[in-house]
Amino acid sequence: MRTFECTLPEGWFRLSGESTVETRGNGVLPVVRHMLRLDEDLSDFYVVAKSDPDLAWATRGAGRMLRSPTVFEDVVKTICTTNCTWSATVRMVSALVEHLGIGAFPSPQAMAEVDESFYRDVARAGYRGAYLRSLALSVADGAIDLEKLNDPALSDEEVAARLLALPGVGPYATAHVMMLVGHYGCLILDSWTRPKYARLRRRKMVPDATIERRFRRYGRYAGLAFWLYLTRDWVEEAGPPL
DNA sequence: CGTCCAGGTCTAC
DNA sequence: GGTAGACCTGGACGC
């Protein structure tokens with residue numbers, strides 16, 4: 001029987017390969033609920049999407065960004081997407097899980113306990129190693145509490161500032177993680193989203209300002225609208241094939 | 001085999 | 001405050 005384990009803000013849970021569940025604390029359901037964002041109220045977004053032919057399909061219930069059990073995990077994974085191919089991201093994250101996790105994503109403590117050589121020689125994270133280790137150390141010793149970023153009371157500016165202050169987290173990573181912690185105002189503009197948007201519009205390229213203008217009507221959901229526009233073809237029945 | 005660059009970020013002007 | 005250059009890695013190219 002394989003066991004999957006993951007540290008959580010509320011405690012911990014354990015899932016077996018046979019789907020039997022052992023829990024302590026609040027149990028596994030709140031975690032799944034959290035990951036699937038089941039409590040999110042997107043009705044304000046749907047009001048605008050309903051009148052947008054390109055996004056009306058989303059009002060069926062799309063828009064719940066899947067997140068990791070912890071913000072820490074999402075930040076680490078996001079750093080591992082920067083300036084490299086997706087296969088490299090998978091390689092780095094897999095190494096963290098395989099060598100530092102117990103069949104699951106490692107805790108900040110586990111990531112803080114290994115030295116630079118692990119990140120360099122095993123995870124092959126390159127210059128990101130210093131960022132990851134520094135982040136893990138700060139979270140492990142309590143200097144940084146990333147889980148507080150899920151607090152809906154925080155303003156966009158506050159969340160953005162805290163993320164930008166993290167090692168290895170710049171504008172792209174900030175916009176990405178903000179989406180995952182429920183702040184949908186910023187568009188994720190990067191080397192994947194820009195060309196993809198241009199392709200969907202059947203243009204060679206589209207200036208950022210033009211993209212921003214197109215989703216301006218969505219206000220605090222502009223980033224979510226942009227993301228759904230780009231990933232429509234990920235939802236089989238919804239979109240026209242490219 | 002060398003160059004480029006991928007879901008960028010940081011530092012130094 | 002805006003902008004080049006450097007930066008690990010490794011897969012995809014051109015020669």
Side-chain angles (χ1 to χ4, degrees), chain A residues 62-63 65-68 71-100 105 111 114-139 143-144 146 149 157 159-201 203-212 214-215 222-235 239 242:
Chain A
M65 304 290 290
L66 175 66
R67 57 184 159 184
S68 300
V71 178
F72 172 72
E73 181 173 338
D74 278 330
V75 170
V76 168
K77 286 174 173 171
T78 301
I79 290 174
C80 290
T81 67
T82 59
N83 199 26
C84 66
T85 57
W86 184 252
S87 64
T89 299
V90 173
R91 192 180 61 252
M92 288 183 263
V93 174
S94 296
L96 294 176
V97 171
E98 183 180 340
H99 296 276
L100 304 181
F105 197 83
M111 283 183 62
V114 290
D115 60 18
E116 316 89 54
S117 64
F118 170 82
Y119 293 97
R120 182 183 64 238
D121 305 329
V122 181
R124 318 259 342 137
Y127 66 87
R128 298 171 203 77
Y131 299 149
L132 298 177
R133 185 153 185 279
S134 168
L135 179 70
L137 283 167
S138 296
V139 174
I144 295 176
L146 294 179
L149 293 178
E157 295 71 21
V159 176
R162 292 193 197 182
L163 287 170
L164 276 172
L166 301 175
V169 176
Y172 151 79
T174 293
H176 192 102
V177 175
M178 282 186 75
M179 290 273 286
L180 297 180
V181 293
H183 292 258
Y184 308 110
C186 299
L187 276 59
I188 300 174
L189 294 163
D190 58 36
S191 65
W192 181 77
T193 60
R194 288 190 180 96
K196 172 95 193 216
Y197 183 77
R199 188 151 47 96
L200 289 170
R201 298 306 303 268
R203 297 281 188 282
K204 189 184 293 181
M205 64 156 290
V206 180
D208 288 355
T210 304
I211 305 177
E212 300 269 9
R214 195 256 174 262
F215 294 98
L224 184 62
F226 179 48
W227 186 254
L228 290 174
Y229 183 91
L230 296 177
T231 59
R232 181 177 182 175
D233 62 314
W234 292 6
V235 187
L242 284 182

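Note on naming: letters A, B, ... go to the chains in the order of the sequence lines (proteins, then strands), and numbering restarts at 1 for each one. Source: prediction; values computed, not measured.
Closest to the side chain of A:R128, out of C:dC8, B:dG7, B:dT9, is C:dC8. Out of B:dT9, B:dG7, C:dC8, the shortest distance to the side chain of A:W192 is found at B:dG7. Listed nucleotides C:dC7, B:dG7, B:dA6 differ in distance to A:C84; the shortest reach to its side chain belongs to B:dA6. Distances were taken from every side-chain heavy atom of A:T82 (C-beta onward) to each of B:dT9, C:dT9, B:dA6; the shortest belongs to B:dT9.
Between A:T78 and the phosphate of B:dG7, there is no side-chain N or O to OP1/OP2 separation shorter than 4.0 Å.
Using a 4.0 Å heavy-atom cutoff across all strands shown, A:T81 reaches sugar-phosphate atoms only and no base atom.
For DNA chain C, each stem of at least three Watson-Crick or G-U pairs (distances under 3.5 Å) is given as range with range: B:1-6 with C:9-14, B:8-13 with C:2-7.
Remark: side-chain polar atoms of A:S138 are paired, donor with acceptor, to backbone N or O of A:S134 under 3.5 angstrom.
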Tabulated below should be each protein N or O lying under 3.5 Å from an N or O of nucleotides 10-12 of chain B; please produce it.
| residue | atom | partner | partner atom | Å |
| --- | --- | --- | --- | --- |
| B:dC10 | OP1 | A:G168 | N | 2.9 |

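If you check the side chains of A:Y172 and A:T81, you find a donor sitting under 3.5 Å from an acceptor.
Residues forming a ring-ring contact (aromatic ring centres under 6.0 Å, His included) with A:F72 (at least two apart in sequence, or on another chain): none.
By the 6.0 Å and 45° rule, A:K77 stacks over the aromatic ring of A:F105.
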